[in-house]
Amino acid sequence: MYKLLSAKPSPYARKVRIQLLEKGIPFELLTEVPWNSDTQTPRWNPLEKLPVLICPDGHSVFESRYVNEWIEMRHPEPPLMPRDVDGILAVKRFEVIVDGACDALILQLFENARGEDKRSQPWLDRQRRKVDGALRELSRMVDEREFCHGDAFTMADVATGTLLGYMAVRWPQLDWPTRYPNLAAYHRRMDARPSFAATRPETQVISDRVV
Ligand SMILES: N[C@@H](CCC(=O)N[C@@H](CS)C(=O)NCC(=O)O)C(=O)O
């Protein structure tokens, strides 16, 4: 059976959890705090980040978008990617925007953690702009459609639904549901899916000093 190194709040890990659940692939969830020194993450990923998919033969697969692709290639049914090239590229565009937004959010978390006297406001503003830009683009792309791409649930929905779920729980102070009611309605629909309901983000305590 597969094992998945995951963290409770991690949007990157959640994309993989949702994909595994949607495909009905059994896996053991190993919950870690990757920022703490006692984490086993570096044993499985030289980049020391999770999620990491650990195969039954001990092989490890890391970097969430690569893990998603790896799973899709090894377990193509039910498909979460369109079959046509234009469709695949369109779904990947959603994934790129979502991962960029998550990266910008997490950079802000750690910049804030440096403390009021040390944090850089220009750096925070820069990251905040990226998140705003991503949301504006996602709102335009999703429009009033039920799914991000075409008329079926794809990896674009896994990614977009995960970003919005992460922001809803970890960034409640950002007013995106008011600014983008279409994304708020889309998020409610995704959040009701069993794979999303079973993986809602939760907070974790980081005990080590990171910055
Ligand atoms: N680009 C990576 C980002 C993963 C990531 O940043 N994971 C965080 C947890 S949410 C982590 O493990 N960070 C530990 C570190 O960067 O040292 C991916 O998509 O897998």
Side-chain angles (χ1 to χ4, degrees), residues 2-22 25 27-55 59-74 80-81 91-114 119 123-124 126-128 130-131 134 138 148 154-172 174 195-196 198-211:
Y2 289 115
K3 294 179 183 174
L4 182 69
L5 281 193
S6 171
K8 288 181 183 178
S10 171
Y12 309 101
R14 191 179 184 210
K15 289 188 299 176
V16 178
R17 292 171 69 190
I18 292 173
Q19 183 188 25
L20 290 167
L21 290 173
E22 291 281 345
I25 301 169
F27 65 102
E28 184 186 343
L29 187 68
L30 303 176
T31 300
E32 295 271 318
V33 181
W35 306 102
N36 287 352
S37 49
D38 62 357
T39 178
Q40 58 168 319
T41 311
R43 199 179 128 204
W44 299 103
N45 177 0
L47 305 174
E48 306 197 2
K49 295 180 185 185
L50 56 75
V52 182
L53 185 71
I54 304 170
C55 300
H59 175 76
S60 61
V61 188
F62 40 82
E63 186 63 33
S64 62
R65 222 150 73 212
Y66 176 65
V67 180
N68 289 144
E69 251 181 80
W70 191 97
I71 292 170
E72 198 60 36
M73 286 182 166
R74 297 268 181 222
L80 292 178
M81 271 294 189
V91 166
K92 285 182 180 292
R93 188 170 191 276
F94 277 93
E95 296 183 301
V96 167
I97 294 170
V98 164
D99 283 355
C102 287
D103 292 347
L105 285 166
I106 286 169
L107 284 174
Q108 287 177 73
L109 276 187
F110 287 104
E111 190 61 28
N112 277 324
R114 287 158 59 81
R119 71 177 63 131
W123 180 251
L124 286 169
R126 178 174 287 270
Q127 304 313 322
R128 178 70 185 270
K130 293 177 200 290
V131 176
L138 288 172
C148 285
T154 64
M155 287 307 297
D157 299 299
V158 174
T160 306
T162 296
L163 169 66
L164 299 176
Y166 175 65
M167 292 189 65
V169 171
R170 299 281 284 172
W171 296 83
L174 303 184
S195 60
F196 278 75
T199 56
R200 288 199 185 103
E202 290 171 44
T203 52
Q204 272 179 331
V205 177
I206 300 175
S207 53
D208 282 23
R209 185 171 167 183
V210 179
V211 290

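Note that the coordinates shown come from a computational prediction; the quantities given were computed from them, not determined experimentally. Both counts, for ligands and for their atoms, begin at 1 and track the order of listing. Numbers here are sequence positions counted from 1.
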message: Quick test of your reading of the model: are Glu69 and Lys92 salt-bridged, counting only N-O distances below 4.0 Å?
response: yes
query: Side chain, backbone, both or neither: which part of Phe62 comes within less than 4.0 Å of ligand 1 when only heavy atoms are counted?
result: neither
task: For Gln204 and Glu32, indicate whether the former's side chain and the latter's backbone hold a donor-acceptor pair under 3.5 Å.
output: yes
statement: For atom 6 (O) of ligand 1, the closest protein heavy atom turns out to be Tyr12 CE1, 3.6 Å
query: Any luck finding a side-chain donor-acceptor pair between Asn68 and Tyr12 under 3.5 Å?
result: no
query: Counting N and O atoms only, with roles assigned by atom type, does the side chain of Ser10 sit under 3.5 Å from a partner on the main chain of Ser6, one being a donor and the other an acceptor?
result: no
- prompt: Are the side chain of Glu95 and the backbone N or O of Ala159 linked by a donor-acceptor pair below 3.5 Å?
  reply: no
statement: Among non-hydrogen protein atoms, atom 15 (C) of ligand 1 lies closest to Trp35 CZ3, 3.3 Å
- request: Kindly assign one of parallel, tilted or perpendicular to the pair Trp35 and Phe110, based on the angle between their ring planes and the thresholds 30° and 60°.
  value: tilted
- prompt: Which option out of Leu50, Val210, Val16, Leu5 puts a heavy atom nearest to atom 12 (O) of ligand 1?
  reply: Leu50
query: So, Asn36 side chain and Asp208 main chain: donor-acceptor pair closer than 3.5 Å or not?
result: yes
field: Side chain, backbone, both or neither: Glu63 near ligand 1, heavy atoms under 4.0 Å
entry: both
- line: Here the atoms of ligand 1 under 4.0 Å from any heavy atom belonging to Glu48 are 14 (C), 15 (C), 17 (O)
field: Nearest neighbour in protein (non-hydrogen) for atom 9 (C) of ligand 1
entry: Pro34 CG, 3.8 Å
- prompt: So, does Pro51 sit close enough to ligand 1 that a heavy atom of it is under 4.0 Å from the ligand?
  reply: yes
message: Looking only at side-chain N and O atoms, does Thr162 offer a donor or acceptor that is under 3.5 Å from a partner on Arg14?
response: no
Nearest neighbour in protein (non-hydrogen) for atom 10 (S) of ligand 1: Ser10 OG, 3.2 Å
query: Where is the nearest protein heavy atom to atom 20 (O) of ligand 1: which residue, which atom, and how far?
result: Ser64 N, 2.8 Å
- prompt: Do any N/O atoms on Asp99 end up under 3.5 angstrom from N/O atoms on ligand 1?
  reply: no
